[in-house]
Student: 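Here you go, one structure.
The analysis underlying the following values was restricted to heavy atoms, covering all of them including side chains, and did not include hydrogens, waters or symmetry mates.
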Amino acid sequence: MNAKVGARLQLAHTHYDFARMLLDRGWPGDSKPAVEHLVTAARIAEELGLVALAEKVAACREGLKPTTASPVGPDNL
């Protein structure tokens with residue numbers, strides 16, 4: 001509805017909130033659409049100068065970066 005009526009500020013927040021919901025839910029297959037929603041939220045936030053939202057999106061995206069696994073035991077056995 002936000003897209004339909006041209007409410008871009010609300011649309012950016014909706015994309016962010018939906019991405020967070022998907023990530024919090026954590027079902028298989030949720031991460032790809034969540035990233036897509038974060039990318040859209042980031043783009044709109046940048047276009048509109050929404051600094052606080054852009055920072056929230058960046059922090060969320062930073063948390064998605066894979067980390068190097070540390071070995072659990074000797075030789076990762």
Student: Mind listing the closest non-hydrogen atom pair of Tyr16 and Cys60 along with its distance?
Tutor: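 So the minimum-distance heavy-atom pair works out to CE1-CB, 4.2 Å.
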Student: Run the side-chain contact (heavy atoms from CB on, under 4.5 Å) test against Ala54 and tell me which residues pass, sequence neighbours left out.
Tutor: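 Expected list: Ala45.
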Student: Other residues, nucleotides and ligands only: do more than 12 of their heavy atoms fall within 6.0 Å of CD on Gln10?
Tutor: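 Yes, the 6.0 Å shell around CD holds more than 12 heavy atoms from other groups.
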Student: Flag the pair Val39 / Arg61 as yes when at least one side-chain heavy-atom distance between them is below 4.5 Å, and no otherwise.
Tutor: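 The answer is yes, as the side chains (C-beta and beyond) meet within the 4.5 Å cut-off.
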Student: Can you tell me how far the CG atom of Asp17 sits from the NE2 atom of His37, to the nearest 0.5 Å?
Tutor: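 So the CG of Asp17 and the NE2 of His37 are separated by 11.0 Å.
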Student: Distance from His15 atom NE2 to Arg8 atom CZ, nearest 0.5 Å?
Tutor: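 Answer rounded to 0.5 Å: 10.0 Å.
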Student: Does a side-chain heavy-atom distance below 4.5 Å link Leu64 with Leu38?
Tutor: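 Yes - at least one pair of side-chain heavy atoms lies under 4.5 Å apart.
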Student: Hey, what do you get for CG (Leu11) to OG1 (Thr40), rounding to the nearest 0.5 Å?
Tutor: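 Reported value, rounded in 0.5 Å steps: 8.0 Å.
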Student: Report the residues that fulfil ring-ring contact (aromatic ring centres under 6.0 Å, His included) with His13, sequence neighbours left out, ordered by chain and then residue number.
Tutor: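 For His13, no residue satisfies ring-ring contact (aromatic ring centres under 6.0 Å, His included) once neighbours in sequence are set aside.
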Student: Can you give each donor-acceptor pair under 3.5 Å made by side-chain atoms of residues 19-35, sequence neighbours left out, with the distance rounded to 0.1 Å?
Tutor:
unit_1	atom_1	unit_2	atom_2	d
Arg20	NH2	Asp24	OD1	3.1
Arg25	NE	Asp30	OD2	2.8
Arg25	NH2	Asp30	OD1	2.8
Arg25	NH2	Asp30	OD2	3.2
Asp30	OD2	Trp27	N	3.1

